[in-house]
Colleague: 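I have a structure I would like to understand better, so I am pasting it below and will then ask my questions one at a time.
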Amino acid sequence: MPELPEVETVVRSVRPFITDRKIEAAQFTSKWVTPGDMKALARKLIGRKILSIGRRGKYILIQLDEGVLTMHLGMTGKLLVQGSVDEHTHGVFGLSHAKHGEGVLLYHDPRQFGSIEWSPAENPRVTRLGPEPLDISFDEFLARFKGKSGVRKVGMKALLLNQAFLAGLGNIYADESLFAAGIHPLTSAAKIASPRSRARAERLYQAIRAILSRAIEVGGSSISDYVNAEGERGWFQIEHKVYGREGEPCANCGGPIRKVLVAQRGTHFCPRCQKK
DNA sequence: CAGATCACCTGCTTGC
DNA sequence: TGCAAGCAGGTGATCT
């Protein structure tokens, strides 16, 4: 699902519909999305005013006049300001005086891998995240390659998927970034972090930023059913060079794009352009 | 500690 | 046609 660009798009599209509004009703129906006492959560939220909405990694942060509502969209989550409630709608928020729209916010998530949590202050899941890829310098990026016991030996694909390394990259943008930087997904982090690979590390840093920025510009990637809060699709999938393109010719060398399993995830790359 | 494996849930596609 | 297996944008618990 939704990775950093999709979550950013959702946040931007929902912002004008919920900012400065009061939560007048709330209902939850999934023990996976909202573990624990769902009625207590609803009671906690009703009467709260929404001060602002933001994003950290793949998390949506809704600042309230008391505490913060932290949401994750998992693999199939959507946050919608229009549409109807169905069996996959696991969160319904009724909002005060509709300045725009209809005054309802719907959390929709068929697989229920997402989450909705209230906490008095920053959610610990958010605290554990690494830095925002669009905010850090190259030196800070390079410094992340070191773990507590020296330079990390993990493969680059697994490292990019680790949210404690950088927040926000998922399967699509990890594959696209590694292709753009000419790095094989199984290349060890130690190799990229070595001084001799400085150019490649810098290419990766720039690739991640350019790809995420461009994806945000065009509203994210709509692979199957991703849409923003107003139901609009994103268009970055058109610009994917490797993700979902197994067997197609590489944009760079013309050889076939391959798909293998890395870190339990389908991983797309060009064997000719991305050497270990 | 770092890394690998598995599990969570639903729906769609693939292959026999 | 029908059905089982496999796979999907993610994360976190549990092992080695």
Colleague: For the pair A:Lys241 and A:Glu176, find out whether any cationic side-chain nitrogen is under 4.0 Å from an anionic carboxylate oxygen.
Modeller: no
Colleague: Go through C:dG10, C:dA8, B:dG3 for me and flag the one nearest to the A:Lys58 side chain.
Modeller: C:dG10
Colleague: Quick one: side chain to side chain contact (heavy atoms under 4.5 Å, CB included) partners of A:Phe141, sequence neighbours excluded?
Modeller: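 For A:Phe141, the residues satisfying side chain to side chain contact (heavy atoms under 4.5 Å, CB included) (neighbours in sequence not counted) are A:Ile136, A:Phe138, A:Phe145, A:Phe165, A:Leu166, A:Leu204, A:Tyr205, A:Ile208.
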Colleague: What I'd like to find out is whether the side chain of A:Cys250 reaches to under 4.5 Å of the side chain of A:Cys273, using heavy atoms alone.
Modeller: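 A:Cys250 vs A:Cys273: side chains touch.
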Colleague: Going by side-chain hydrogen bond (donor to acceptor under 3.5 Å, both in side chains), name the pairs with one or both residues in residues 187-202 of chain A, residues two or more places apart or in two chains.
Modeller: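 Output for this query is empty, none listed.
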Colleague: For a side chain to side chain contact (heavy atoms under 4.5 Å, CB included) check, start with the C-alpha distance between A:Val10 and A:Tyr226, then their side-chain angles and the critical distance, and finish with the verdict.
Modeller: CA-CA 10 Å; A:Val10 167; A:Tyr226 162 77; 3.8 Å; yes
Colleague: Within the 4.0 Å limit for protein heavy atoms, which parts of nucleotides 7-12 of chain B are touched? Write it as a string from 5' to 3', B for base, S for sugar-phosphate only, - for none.
Modeller: -BBBS-
Colleague: CD of A:Gln237 versus C1' of C:dA8: gap in Å, rounded?
Modeller: 15 Å
Colleague: Name the stems that DNA chain B belongs to, where each is three or more consecutive Watson-Crick or G-U pairs with both distances under 3.5 Å?
Modeller: B:2-8 with C:10-16, B:10-16 with C:2-8
Colleague: Suppose clustering is done on Ile, Leu, Val, Met, Phe, Trp and Tyr with side-chain heavy atoms closer than 4.5 Å. Which residues sit in the same group as A:Leu186?
Modeller: A:Val260, A:Val262, A:Phe269
Colleague: If you look at every strand shown and take non-hydrogen atoms under 4.0 Å, does A:Asp175 touch a base, only sugar-phosphate, or nothing?
Modeller: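 Answer is nothing: A:Asp175 stays at 4.0 Å or more from every strand.
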Colleague: I need the full list of side-chain hydrogen bond (donor to acceptor under 3.5 Å, both in side chains) pairs touching residues 255-265 of chain A, with sequence neighbours left out, sorted by first then second residue.
Modeller: none
Colleague: Indicate, with a heavy-atom threshold strictly under 4.0 Å, whether A:Lys259 touches base, sugar-phosphate, or nothing.
Modeller: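 Touches sugar-phosphate only.
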